[in-house]
Structures are given as structure tokens and as C-alpha cells.
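See structure below.
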Amino acid sequence: MVNGLQAQALSTRLQIPLIYGIDAVHGHGNVVGATVFPHNVGLGATRDPKLVERVGHATAAEVRATGIPWNFAPCLCVSRDERWGRSYESFGEDPALVVSMETVIDGLQGRPGRLDDTDRVLATAKHYAGDGDTDYDEAVAAANEGKPWWEQKYPIDQGVTVTDREHFARVDLAPYLPAVRAHKVGSVMPSFSSVDWTEDGLGNPTKMQAHRELITDVLKGRLGFDGFLVSDWEGIHQIPDPAEPTNGGLTAYKVRVGVNAGTDMFMEPYSAEQFEQLLLAEVTAGRVPTARIDDAVRRILTKKFELGLFEHPYASADDVDQVGSAAHRATGREAVAKSQVLLKNSGRALPLRRDAALYVAGRNADDLGNQAGGWTVTWQGVSGADAVPGTSILDGIRQVAPGARVTYSADASAPTDGADVGVVVVGETPYAEGYGDVGGPECGWCSAPQQEEKSLRLQPADRAVVDKVCAALPTCVVLVVSGRPQVLTDQLGEIDALVASWLPGSEGAGVADVLFGRRPFTGRLPVSWPRDEAQVPVNVGDADYRPLFPFGWGLRTDPGRDRLAAVAADRPQVRAALVAAGWNADGSLRDAPRVLDRLGRQLGADHRDAALVEAILGVARDAAQAAVVRGSAPANWAALIADADHAQLTGDPVRAFTLLARVAT
């Protein structure tokens with residue numbers, strides 16, 4: 001297909017090759033058979049920038065292998081409200097976490113100057129800027145009630161970021177400086193959303209696609225971005241035209257404002273010819289300077305040259321075996337395992353024995369479509385066991401623990417007789433963009449399961465399955481497969497082990513790897529897990545911060561003592577901390593004050609070694625979480641743990657340790 005389009009481009013007078021782009025936001029999800037990686041919220045949970053870079057490289061290799069040199073990813077939004085239908089496209093709620101995950105750009109693009117490598121693509125930082133921080137419109141949500149889906153509006157997606165400039169710079173703009181300067185991202189996509197500065201009064205928002213100050217003055221000017229900007233899908237159609245306020249299509253005003261704001265390429269799938277005619281007229285009339293056109297063309301041509309499209313315009317099929325390759329699926333499986341966050345683990349319910357008698361239930365246990373989420377094969381994704389080639393969580397359980405006795409019943413209608421442990425896999429069905437907004441329109445053309453009302457709570461049928469299985473069996477493990485936290489505070493008491501599985505993609509065996517201890521649980525929450533729906537939005541750094549589980553929370557199943565032993569060489573305080581009297585036989589802490597005192601001294605003297613820092617902070621976090629579980633932590637423990645994770649992400653491990661030690665001791 002791409003080569004056919006390229007042939008048409010090369011038949012024109014100037015023979016300038018086209019650049020084709022695609023939304024490969026969690027692997028090359030539009031191609032059946034590609035490796036579908038966890039969505040960004042899951043990658044944020046891994047806290048592993050090197051792994052995320054490898055995910056980016058594998059994605060680039062599969063995208064380029066199908067003839068496509070440009071990817072509309074990654075999303076660098078900072079998700080501040082889980083009611084947003086795109087919240088799973090964010091790495092997390094803390095801009096520092098998002099910045100740490102920008103290694104994905106390096107994986108996509110490779111080393112600077114090497115975009116023409118056959119396993120790399122041009123990356124796109126999106127959506128500039130503030131799309132994860134828009135205000136939830138309660139009035140819109142209320143007005144949606146009772147209307148048919150096609151008359152409902154988005155309550156938060158494509159909305160307005162109401163903010164002062166300091167907050168916008170600190171939270172919403174923060175990821176773009178390193179993306180441009182450190183990672184040399186090649187293209188940027190402005191957001192559908194608007195910004196309304198509080199300094200000049202409320203009620204006068206500016207669409208980002210029309211924001212000359214932020215696009216030209218800030219991004220191209222102050223940040224020094226030298227790539228090109230591409231509008232989102234018909235993005236300038238949303239710019240209000242004062243002369244035609246009800247016109248939802250293109251007008252000369254919208255074209256003029258969009259181009260003069262600084263966007264260089266426009267995504268006009270159905271009105272390209274009209275756009276060209278309007279723009280030509282605006283240039284001829286002098287309302288769009290030719291210098292602005294030259295700037296746009298120069299930026300686009302530069303990237304086409306860097307991609308090698310002039311020398312090699314046609315794509316080769318030589319690397320098509322990279323799509324869904326065993327190596328890429330292994331990377332996906334590792335990413336899935338590291339993305340799993342263990343929220344609760346009473347009585348050490350996890351890891352499971354590989355010869356256990358298991359009762360597996362829940363609609364998301366054997367549904368690859370639900371497991372993959374939106375932006376998979378189609379825009380909204382699709383529910384179904386065979387939506388994409390891959391391994392469901394149920395398949396993974398059978399694969400990793402072939403000696404286990406497994407009874408599967410999606411709705412828990414089968415008898416539980418003979419089972420020791422219930423594994424209940426519940427959560428969401430796929431959605432994308434505003435169709436995932438809580439209180440927004442349901443996708444009327446999607447599969448039946450996807451037409452359910454979007455919620456921060458588990459669906460009633462899911463809640464019923466949890467109640468039934470947990471009441472019937474002595475040990476109950478619940479996995480939540482979702483793009484955002486699901487409120488289940490009232491059911492927490494009946495659940496022995498609770499796991500946030502996010503949207504793992506095609507490699508469900510990665511979930512089974514941690515369930516059975518093949519890999520340890522190591523993931524940490526990239527977003528705060530709310531106590532109730534009224535608490536949302538809740539984010540690290542809030543003045544009154546009391547979520548059910550804080551940002552950075554994540555129980556581990558590997559002994560902290562073993563992690564310390566791996567970095568103890570030539571470090572006397574670490575060796576002293578490993579004295580047997582301070583530890584239980586299972587490798588957990590017995591004497592937290594004494595051990596943490598030793599580790600604190602070592603960290604104060606040597607906090608530049610990343611492996612040492614991670615090991616020490618890991619033990620301190622284990623101790624802090626253990627104090628919370630046994631009920632001995634201070635009242636503000638959630639804020640202390642979340643602030644500690646933020647401190648670690650911002651390069652202050654000593655402060656992170658101090659905060660965790662306050663919880664632990």
C-alpha cells in the first residue's frame with residue numbers, strides 16, 4: 001500500500017517522496033500479527049527506562065518493516081484525571097515519570113542522524129501540550145444522561161486546561177524540553193485541547209492548534225525544536241471562526257490561523273484539496289507570509305532527507321519477518337511482567353504454587369481484545385478472544401504452570417469444588433479518546449461489550465464474580481485489566497491478593513510469570529489509586545492526599561536482602577546491614593531501624609550509583625509498605641510514599657530514603 005502511494009508521489013513533476021505515518025502507540029497495533037506491547041500506563045509502572053527503550057526499538061522495527069517510516073507516538077501527556085478516556089496513553093501522573101520514560105523516543109529513532117536505519121522511524125511527541133490536564137466538565141456529563149450516544153459530548157477529552165503559567169510549565173510543558181533537547185524528537189503533534197490562562201481571567205481559552213505563543217514562540221523558539229509539527233486529525237477544524245461560529249469544517253480563517261500559529265503539516269483526510277485552495281488564496285493575499293511556508297517546507301523536507309526517502313523512497317519487504325517476531329514478543333512478555341503492580345498480598349497469597357488447583361474466572365481472563373485495549377487493529381479496539389494473535393492470561397497460566405489443575409468459568413457459574421485458589425480477572429473493555437471518558441458517549445458502532453457505560457468502578461457483573469469466587473474459596477486473587485484504576489475499596493477485605501495488570505497487550509504469559517514467581521513483582525503505581533470516585537482527581541503532591549494506594553506503591557515478592565547482597569561488594573555499611581540478626585529467614589526485614597540506619601549512611605556517602613540507589617530505596621520502600629500493612633505507619637504515610645517516589649524520579653534519592661524511613665520507623 002505504502003509503495004503504491006509512493007509511486008504516485010514520484011510520478012509528479014517534482015518527484016518529492018511522501019512520508020507516511022501511523023499510530024503505533026503500543027506496538028504496531030494496526031497490523032494483525034504484530035507484537036502488541038502494554039499501553040504506556042503499564043510501561044510507566046515498570047520504572048525501567050532501558051526496557052522502554054527496547055520496546056520503542058521493537059516497535060520501530062515492526063513499523064518500518066511494513067514500509068512506514070513515521071510513528072505518531074509517544075504520548076507525553078501527564079494524566080491528572082483518570083476520568084479521561086486517554087489516560088492509559090500516559091506514562092503517569094508525575095511529569096518526572098513521563099520524562100524518565102522518554103527513552104522510548106531513542107528506541108524509535110535510534111542515534112541522532114541515523115533515521116535512515118531500516119529498523120528506526122521518526123517519532124512524534126504528542127499532544128502538545130496539556131491534554132492530560134484538562135478540566136472535567138460536570139455540566140457536559142450531566143447533560144449527556146439520557147441522550148443517544150451520537151448526541152453526547154466528551155466531558156474531558158479535547159477539553160480546556162485551566163491553569164496558570166507556572167503550573168503549565170511545571171506539569172504540562174515539562175516533558176517537552178527533554179524530548180526536544182535530549183532525545184531530539186523529530187516531529188510534534190499539537191493537542192485538540194485548549195488552554196485558558198488564569199492570569200488574564202477565565203472564559204477565553206485558545207485552541208492549541210491556534211496557539212502561536214506556545215507553538216512558535218515557546219516550542220520552536222525557546223525550546224529550539226527544529227523538526228516539524230503535524231496537526232491532529234482535522235485539528236484546525238475546531239478553531240472557532242468568529243465570522244462562522246457554527247461552521248465545523250474548514251474556513252480561510254481556520255487555515256490562516258493554524259498555519260501562522262506554526263503548524264507545518266496538516267492532517268486533512270477528507271478535505272485536503274479544499275485546504276490547499278484556501279491556503280494558496282491566503283498566501284496570495286499576503287495573510288500567510290511565504291516565509292512561513294518556506295519554514296514549514298524546509299522542516300518537512302529535512303526529515304524526509306534524514307529518513308533516506310529521497311535515496312530509497314520504496315520500502316523493502318526483506319524485514320517483514322520482524323513483525324511479531326519471537327524476540328519482540330519476548331520483550332513484550334518482559335514488559336508485561338514488569339508492569340504488574342501488586343497492591344495487596346495478604347498471607348503471601350502470591351506467588352502461586354505451580355501445582356495449585358486453580359479456579360480462573362472473569363471476563364478478561366481469556367479475552368485478548370480486552371487485554372490489548374484501544375488502538376488495537378481498529379481505533380477503538382475490539383473485544384474478543386481472537387482479536388489479535390497472542391497469549392491470553394488464561395493461556396499464560398496454563399503455559400507457565402502446566403502442572404496446575406485449572407477450571408475456567410468466565411462468569412463463575414461452574415462449580416468451585418476442588419479448587420484451592422480463585423484467580424479472578426476483571427476490568428474494562430476497549431475504548432479510545434473521548435469514547436472512554438467517564439460520563440461520555442459510548443461507542444455505538446463497537447462490539448457489544450464495549451458499549452457499556454465507562455466508569456471508575458468495576459462493572460456490576462465483574463463485582464458479582466469477585467464476590468462469588470472470593471466467598472467460595474480460601475484464597476482469592478483479583479487481577480484488574482484496565483486502562484485506569486478501578487475503585488473496589490468496599491471489596492478489598494474479601495480479596496487476598498490484588499494486582500493492577502493495566503492493558504498488557506498480546507503477551508499474557510507475562511502476567512502468569514509473576515503470578516507463579518517465575519519473575520518477581522517489581523512494578524510501582526504510575527498513578528494514584530483512588531479510595532472512591534469522588535476523590536478523583538487525586539495526584540502526587542496534592543495538599544490533602546489520601547488515596548487507597550499512593551503513587552509509587554508496589555509490593556515486591558523478591559527478598560530485599562538478596563537485592564542488597566547484589567550491591568554489597570566494597571560497601572561496608574551495606575555489608576553491616578546484611579547481618580543475619582536484622583532479617584527474617586525469608587529475606588524480609590526484622591529490625592528495620594537498625595538496617596535502615598546503616599543503609600542511610602551508605603546512601604549519604606554514595607548516591608550516584610544507580611544500582612545501589614535502587615536496591616537501598618527498594619528495601620526502604622518494602623519496610624515502609626510493611627509498616628502500612630501492619631498498621632504502624634504515620635497518618636500521612638500515603639503522601640510520604642508518593643513524595644518519596646517523586647523525589648527518586650527527580651534525582652534526590654537521599655530525600656526519597658528519608659521520607660520512606662519516616663513511614664517505616
Side-chain angles (χ1 to χ4, degrees), residues 329-330 332-334 336-337 339-371 384-387 389-427 458 461-481 488 491-501 504-521 555-558 586:
R329 290 186 181 275
R333 182 170 176 170
E334 179 185 351
V336 171
S339 73
Q340 304 298 292
V341 180
L342 183 57
L343 300 174
K344 179 181 179 180
N345 195 27
S346 294
R348 297 187 184 175
L350 292 176
L352 300 171
R353 295 193 334 270
R354 297 192 193 186
D355 61 351
L358 303 178
Y359 185 89
V360 180
R363 62 175 177 169
N364 284 354
D366 194 30
D367 192 309
L368 274 157
N370 291 355
Q371 188 175 300
D386 56 355
T391 304
S392 71
I393 293 172
L394 176 63
D395 293 334
I397 288 172
R398 288 170 168 157
Q399 180 186 120
V400 172
R405 288 173 289 148
V406 177
T407 299
Y408 170 60
S409 177
D411 60 359
S413 60
T416 59
D417 301 347
D420 303 317
V421 180
V423 178
V424 186
V425 190
V426 292
L458 289 176
D462 280 352
R463 291 174 56 82
V465 172
V466 171
D467 286 341
K468 185 173 183 179
V469 175
C470 290
L473 294 170
T475 301
C476 187
V477 177
V478 174
L479 313 181
V480 181
V481 174
L488 34 61
Q491 293 183 292
L492 191 60
E494 62 186 316
I495 298 170
D496 297 296
L498 177 63
V499 179
S501 290
S506 60
E507 307 311 305
V511 178
D513 285 339
V514 292
L515 287 180
F516 292 97
R518 188 173 178 270
R519 285 182 178 270
F521 277 94
L555 305 175
R556 296 187 65 138
T557 52
D558 55 340
D586 63 1

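Atoms considered below: every heavy atom in the structure, side chains included; atoms not considered: hydrogens, waters and symmetry mates.
Between Gly418 and Ala357, the shortest heavy-atom contact is O-CB, 3.3 Å. Across all non-hydrogen atoms, the minimal contact from Arg354 to Ala401 is O-CB, 3.7 Å. The shortest non-hydrogen separation linking Pro504 to Val336 is O-CG2, 3.2 Å. Closest heavy-atom contact between Tyr408 and Asp366: OH-CB, 3.7 Å. The two residues Val469 and Ala361 have their closest heavy-atom pair at CG2-CB, 4.0 Å. Closest approach of Ala512 to Val400, counting heavy atoms only: CB-CG2, 3.7 Å.
With sequence neighbours excluded, the residues forming a side chain to side chain contact (heavy atoms under 4.5 Å, CB included) with Pro520 are Thr522, Thr557, Asp558, listed by chain and number. A search for side chain to side chain donor-acceptor pair (under 3.5 Å) contacts involving Asp411 returns Ser409, Ser413, not counting sequence neighbours.
Side-chain contact between Val514 and Leu342 is absent, with no heavy atoms from C-beta onward closer than 4.5 Å. Here the side chains of Val426 and Leu488 are not in contact, with every heavy-atom distance at 4.5 Å or above. Side-chain contact between Arg329 and Ser506: present, with at least one pair of heavy atoms (C-beta onward) separated by less than 4.5 Å.
Counted by atom type alone, Glu507 and Thr391 present zero donor-acceptor pairs between their side chains at under 3.5 Å.
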Working for side-chain contact (heavy atoms from CB on, under 4.5 Å), residues Glu494 and Cys476: CA-CA 8 Å; Glu494 62 186 316; Cys476 187; over 6 Å; no
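Interatomic distance, CG of Asp386 versus CG of Leu368, reported as 8.5 Å (0.5 Å rounding). In this structure, the separation between OG1 on Thr416 and CG on Leu358 is 13.0 Å, given to the nearest 0.5 Å. Atom CG in Asp417 sits 9.0 Å away from atom OG1 in Thr407 (nearest 0.5 Å). Note that the CG atom of Leu492 and the CG atom of Leu343 stand 8.5 Å from one another [nearest 0.5 Å]. We find the CG-CG distance between Asp420 and Leu473 to be 8.0 Å, quoted to the nearest 0.5 Å. In this structure, CZ on Arg363 lies 6.5 Å from CG on Asn370, to the nearest 0.5 angstrom.
Using a distance-only test at 3.5 Å, with no hydrogens or angles considered, no donor-acceptor pair links the side chain of Asp496 to the main chain of Ser346. Under a 3.5 Å cut-off, the side chain of Asn345 and the backbone N or O of Leu350 do form a donor-acceptor pair. In this structure, the side chain of Asp355 does not engage the main chain of Ala404 through any donor-acceptor pair within 3.5 Å. Although no hydrogens or angles enter the test, the distance criterion places a donor-acceptor pair under 3.5 Å between the side chain of Gln491 and the main chain of Arg463. A donor-acceptor pair under 3.5 Å is absent between the side-chain atoms of Glu334 and the main chain of Ala330, judged by distance alone. Side-chain N or O atoms of Asn364 include none that pairs as donor or acceptor with a backbone N or O of Val425 at under 3.5 Å.
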